[in-house]
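Here's the structure, in structure tokens; my notes come after.
As a basis for the values below, the full set of heavy atoms in this structure was taken, side chains included, without hydrogen atoms, waters or symmetry mates. Every chain is numbered from 1, with letters handed out A, B, ... down the list of sequences.
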Protein chains: 2
Amino acid sequence: MARFTRLSSEDRRAQLMDVALAGLAKGGIQEFTVDRICAAAGVSRGLILHHFGSMAGLLAAVYARLYRDTTPDLTALRPETRIAALIEGSFAPKVFNRETLNAWVALWGQIANTPALRDEHRRQYQSYLAQVTEAIGALATARGRRVDAAAVARSLICLIDGLCLQHCLDPEAMPAEAAKEACRAFLAPHLD
Amino acid sequence: MARFTRLSSEDRRAQLMDVALAGLAKGGIQEFTVDRICAAAGVSRGLILHHFGSMAGLLAAVYARLYRDTTPDLTALRPETRIAALIEGSFAPKVFNRETLNAWVALWGQIANTPALRDEHRRQYQSYLAQVTEAIGALATARGRRVDAAAVARSLICLIDGLCLQHCLDPEAMPAEAAKEACRAFLAPHLD
DNA sequence: ACCCTTGTTGAATGACCGTACAGTAAAGGC
DNA sequence: GCCTTTACTGTACGGTCATTCAACAAGGGT
């Protein structure tokens, strides 16, 4: 009988990212260690370095994965419905829960001091901002309004992040419906 | 000659909190260790435990100190000017800079997994929210508007936090003036 | 059936972690 | 000037940390 299973590089990377992400969600950055992640994944300690080069490399990969998993993809939708979908998606139970947000906040806390992670953040954020900016511009055009789409998009993203942070630190103080309403209230004077 | 200087418990606590905060600002939570803090403060390794009981105790104390140092005190001002002062104070250079915000974000990342810090957060946030809620209610009354002051205050605080996070992760993308403008734009439909 | 690529193991390394604690000495009260 | 209090020192301890690396073996190609 085989002593271990040999996976493709791609599959093993995905597994390790998932396990690491689950650890971050459950216990924050304290859970992000070689020992804990490898034990949880059922693999030996040497594997993370083999696939990611360093813990910082894994951290950056996990960040990209979290972005991909929790940021709604707006490109497939009709321009007029994209903003509504963004708000619904940002505060859906899959994303707007204590554990998932705990992973987000833990990663934010590392960005400023982990170059590989900061680079990944810049990349992801730029693409995210571009999507939201375009969606706001399209909606404004459809409604015959003139807005500074880039500025409104930046502010909306900040508001969403702040609402997520708040929910993570004290869930009862910021339920999903209140968060959605706050976003709509922010956008109304620009778009209605 | 004296081998060391003997300070009052209060003074030494203040010094250690300041040094720890400076470390958080400079290098995030990685800098928050017994060795680094004591070396930077020029004291021996045993002192933190003596004054704070544990590193978690110091962390909670540092959080309270950061709140006190960066949250503007509104009670001394006339009710109509409190919100303007809140916005000015929140994005003043003393607060709205990469290093100070780095300390904030690092601490946020620990709240969910450090009971002593979470308790301190609840206490501080509750008081902060109460101040902002009252300020918004007073301003609305002065302008003859009816608003859900508690909801607007919660959202405003989230927006401020999100703007701070954004500035910390990528300062050029969110200058102070843009942040202030975002807050005013959020409040206008409720208060103007 | 063999070989070769490469995913995988696991021990070794050296540094750092927070906490405990027994002893030292500074400074205020008398 | 002594005495009491307690701020302070500094070593010791048991863990845990990320990283290195030489050896192993799984499984596809031939």
Checklist entry - Any sub-3.5 Å donor-acceptor pair from Arg145(A)'s side-chain atoms to Pro189(A)'s backbone N or O? => result yes
Next on the checklist: Using a 4.0 Å heavy-atom cut-off, does Phe52(A) contact any base of the nucleic acid, only the sugar-phosphate backbone, or nothing at all?
Outcome noted: nothing
Checklist entry - Reckon His50(A) has a side-chain N or O less than 4.0 Å from the OP1 or OP2 of dG7(C)? => result yes
Checklist outcome for this item: Whole-Å distance, Ile48(A) CD1 to dG10(C) P, equals 15 Å
Item to check | Donor-acceptor pair, side chain of Arg82(B) and main chain of Leu77(B), under 3.5 angstrom | outcome: yes
Item to check | Polar contact flag, side-chain donor to acceptor under 3.5 angstrom, Thr75(A)-Asp73(A) | outcome: yes
Checklist entry - Do the rings of Phe96(B) and His167(B) sit parallel, tilted or perpendicular, given the 30° and 60° boundaries? => result parallel
Checklist outcome for this item: salt bridge (charged side-chain N to carboxylate O under 4.0 Å, His left out) test vs Glu120(B) passes for just one of Arg118(B), Arg123(B), Arg122(B), namely Arg123(B)
Checklist outcome for this item: Ranking Gly46(B) and Thr5(B) by the position along DNA chain C of their nearest nucleotide, the one closer to 5' is Gly46(B)
Next on the checklist: Less than 4.0 angstrom between a side-chain N/O of Arg12(A) and OP1 or OP2 of dT8(C), yes or no?
Outcome noted: yes
Checklist entry - When the ring planes of His190(A) and Phe186(A) are compared, do they come out parallel, tilted or perpendicular, using 30° and 60° as the limits? => result tilted
Checklist entry - Reckon Ser8(A) touches a base, only the sugar-phosphate, or nothing at all at heavy-atom distances under 4.0 Å? => result nothing
Checklist outcome for this item: Assign each of Ala2(A) and Phe4(B) the nucleotide of DNA chain D bearing its closest heavy atom; nearer the 5' end lies the nucleotide of Phe4(B)
Checklist entry - What is the distance, rounded to the nearest whole Å, between atom CG of Asp35(A) and atom P of dT9(C)? => result 14 Å
Checklist entry - How long is the line joining CG of Leu49(A) and C1' of dT13(C), in whole Å? => result 14 Å
Next on the checklist: What is the separation between atom CD on Glu31(B) and atom P on dG18(C), rounded to the nearest whole Å?
Outcome noted: 12 Å
Next on the checklist: Distance check needed: dT6(C) C1' versus His51(A) NE2, whole Å only.
Outcome noted: 9 Å
Checklist entry - Where does the chain B footprint on DNA chain D start and end, counting 5' to 3' with a 4.0 Å heavy-atom cut-off? => result dT5(D) to dA12(D)
Checklist entry - Is Leu7(A) touching bases, backbone alone, or none of the nucleic acid, heavy atoms closer than 4.0 Å? => result sugar-phosphate
Checklist entry - Under 30°, 30 to 60°, or over 60°: which ring-plane class applies to Trp108(A) and Trp104(A), parallel, tilted or perpendicular? => result tilted
Checklist entry - Would you say the base of dT19(C) and the side-chain of Arg45(B) have a donor-acceptor pair closer than 3.5 Å? => result yes
Item to check | Polar pair under 3.5 Å, donor/acceptor by atom type, side chain Arg6(A), base dT6(C) | outcome: yes
Item to check | Arg3(B) vs Gln30(B), nearer the 5' end of DNA chain C by closest nucleotide | outcome: Gln30(B)
Checklist entry - Base, sugar-phosphate, or nothing for Arg36(B), non-hydrogen atoms under 4.0 angstrom? => result sugar-phosphate
Item to check | Interatomic distance where CZ belongs to Arg13(A) and P belongs to dG7(C) [whole Å] | outcome: 11 Å
